Visitor: 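Okay, here's the structure, questions in a sec.
In this text the structure is predicted, and so the values were computed from the model without any measurement. Chain A is the first sequence line, chain B the second, and so forth, proteins listed ahead of strands; every chain is numbered from 1.
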Amino acid sequence: MQLDYEQELNPEQYDAVTAIEGPLLIIAGAGSGKTRVITFRAAYMLQKGIPQSSILALTFTNKAAKEMAERVRTVTGKKLPNLTVSTFHAFGVKILRKEIHRLGWRENYSIYDEVDRNQLIKDCARETGFKLETFDVNKAGMLFSDVKTERKNWEGVDDGYEKVFHEYQAALKAYNAVDFDDLIGLPVRIFQAFPEVREEYRDHYRYIMIDEFQDTSLQQYQLMRLLARDNVCVVGDDDQSIYSWRGANYQNIINFEKDWPRRKEVTLYRNYRSTTTILDAANSIIANNTNRKLKDLRSPNEGGAQIELLSPANELDEGEQIATIIREIKLKDKLRYDQFGVLIRTNNLTRYLEEAFLGANIPYKVTGGTSFFGRKEIKDIISYLRVIANPEDDVNLIRIVNVPRRGIGRRSVELLTDVAKSRGCSLRAAMEAVRGDPFIEFPDRTRQDVESFLGLLEMFREELLHRRNLAVKVRKLVDAIDYWGYLVNDNQHNDKAAKWKFLNVESLIKGIDTWEKDPDNLDPSLFAWLNRISLITRDDQEEDDTGKVNLMTIHAAKGLEFDVVFIAGCEDGIIPHARALEEGDGNVEEERRLFYVAVTRARQRLLISVCQQRRRNAMPVNCVPSPFLAEIPEHLTCWREPESELSEDEQAAVWQDVRKMFGKDAE
DNA sequence: CGTCTCCAGGTTTTT
DNA sequence: CCTGGAGACG
């Protein structure tokens, strides 16, 4: 397909797309066609004969990566198997898989998520002699992450914590595991310590693009700088920086200006997404922030509906009202359900909305929330697979050693830990030692239990590593440990819960099946699968999303747009979030940016809901509207009026809808 | 020594 | 309201 770039793009966009040699900084306001620029830019490079394998496009979320890859494929009409579009973390995994041996890990390393990490920190704290009450695991986790990403040092920190930290680092290595920070930090270390490796990657990825640059951390910036020669393009918007709590630092935009003084700079300010009503509101909200790169968005879509405010009595009412309005607008404006987005600040708010949608028979899709992979039953099975893949993984081993119950309880684990400590080996090795050496003091019964547990793991390691049909083998494993029996037993008074959990396990297995049968999947091994799912938080199964209302956090909504957007729970304490404000004063501005991101997701209509009361920990609390609401010029807003009476035609349409719903699947 | 039951405390956003 | 941890029971 031959693209007419000049036709398809405005002058600034064209500038950005065609400047493929040399450093380029694109400041792209919300809705200014940033994704379009990136995809066209990739297409332009390919057209100029640059091989796909030398292009590296990095984004922040899996969703964004997936979407970008898809769009480039659509625009070029090619499959592009060797084009690298991935998140920073996935890219780190890719490098580590090949290079981590240089730092003393083995390639079958485990990736620890936050739960695993906190568990390990807890163990290390206990080891170091902390009492569980005096030790705040969450705080330690954040501190450790800050230290690892070089945002903090040990100055002024209780030195007990530093000890725990070193213990933690040592334990990770001993277990052949890494945490999320390591996925970026270790590649950086490798590139610094092995210049020849760095050169190899530099030669390979000669054209680099980074999306959502305002969300990169210092560490990620380092990785980029080690990798990039001259052809590096970063795209960002300081006004949409909403990940500073995770180390994102929009100062990186300034760093970039310093490090690549010869750069070209393009600002995209024309907004094609929203009405001027919505843009004016957004502009005047963000104007309250200091220290920004000034750029007011301009839109050719004059006018537009006013921003409507709702004031439901409580969160239940809120859900019902939103559900009702969605149905009304859908009919009036002839929209599909997937053209609606309902945004919230925190995941726990999804619950009421989901219930309301269920009650109103509105199809919806939740992005985020308690992730599929965070569910206990799923984590259990995955822990088995991790231990099978990486026997030294003590955290996951402890997790499953007695799930389902097999007689290896607290005391036995303590004994085994003693053995491991005295020999300086992993728990798994300790188990093997106990099996092989009858002179180690150990209760006979438990020794037998340990032996059969080891036998199970070894048998399945053989199966899972050396043969095909991963899904079949995993099902066999689930059967072998009688996980179903365990679920029934563990949920004695709740058949439904047991069934539900088992269905989740089934769907996990089905997911493996689809994944390994995908013809584009070049490496359907257990390791590859584990690496992949470690980076997925959402349940990203390829479902048919069309025709479903989108329910998600504002963070998850970044980069997306909807014709009609609801911002629910727009109350003081929720946005800005009380906890964020406790942390520091810069956080008000970040919360404001978050609100700005939410507002700018809307194309046509924006509705904001403020509850009068909300239940918090089972206690109803009176709500105060978010202070950000006052930053919207009054003339742009109005209270929501009920839709006018439906015409006869429309009534007929409603009935048809209802009938369809009870017939087969409604659209 | 393993398992069951009760109780207290608490959760922002994501890789 | 749900989780995780500590104490009682068998």
Visitor: Can you see if the side chain of A:Lys558 gets near the phosphate of B:dT14 - specifically, an N or O under 4.0 Å from OP1 or OP2?
Guide: no

Visitor: For the backbone of A:Gly407 and the side chain of A:Asn402, can you confirm whether one donor and one acceptor N or O come within less than 3.5 Å of each other?
Guide: yes

Visitor: With a distance cut-off below 6.0 Å to the six-membered ring centre and an angular limit of 45° from the axis, does A:Arg593 pair with A:Tyr596 as a cation-pi contact?
Guide: no

Visitor: Going by the angle between their ring planes, with limits at 30° and 60°, are A:Phe60 and A:Tyr243 parallel, tilted or perpendicular?
Guide: tilted

Visitor: Under 30°, 30 to 60°, or over 60°: which ring-plane class applies to A:His89 and A:Phe180, parallel, tilted or perpendicular?
Guide: perpendicular

Visitor: Using a cut-off of less than 4.0 Å, is there contact between a side-chain N or O of A:Asn62 and OP1 or OP2 of B:dT14?
Guide: no

Visitor: With A:Asp116, which residues qualify under side-chain contact (heavy atoms from CB on, under 4.5 Å), at least two apart?
Guide: A:Tyr112, A:Asp113, A:Lys379, A:Val395, A:Asn396

Visitor: Which residue lies toward the 5' end of DNA chain B, A:Arg411 or A:Ala90, if each is placed at its nearest nucleotide?
Guide: A:Arg411

Visitor: When you compare the protein's N or O atoms with those of nucleotides 9-12 of chain B, which come within less than 3.5 Å of each other, and at what distance?
Guide:
{"residue": "B:dT11", "atom": "OP2", "partner": "A:Arg579", "partner atom": "NH2", "Å": "3.3"}
{"residue": "B:dT11", "atom": "O5'", "partner": "A:Arg579", "partner atom": "NH2", "Å": "3.4"}
{"residue": "B:dT12", "atom": "OP1", "partner": "A:Arg579", "partner atom": "NE", "Å": "2.7"}
{"residue": "B:dT12", "atom": "O2", "partner": "A:Arg345", "partner atom": "NH1", "Å": "3.2"}
{"residue": "B:dT12", "atom": "O2", "partner": "A:Arg345", "partner atom": "NH2", "Å": "2.4"}

Visitor: Is the phosphate of B:dC1, meaning OP1 or OP2, less than 4.0 Å from a side-chain N or O of A:Thr446?
Guide: no

Visitor: Is A:Arg405 close enough to B:dC4 that one of its side-chain N or O atoms is under 4.0 Å from OP1 or OP2 there?
Guide: yes

Visitor: Determine the interplanar angle of the A:Tyr364 and A:Phe357 rings, folded into 0 to 90°, and report it as parallel if under 30°, tilted if 30 to 60°, perpendicular if over 60°.
Guide: tilted

Visitor: Please tell me if A:Lys376 has a side-chain N or O lying less than 4.0 Å from either OP1 or OP2 of C:dC2.
Guide: no

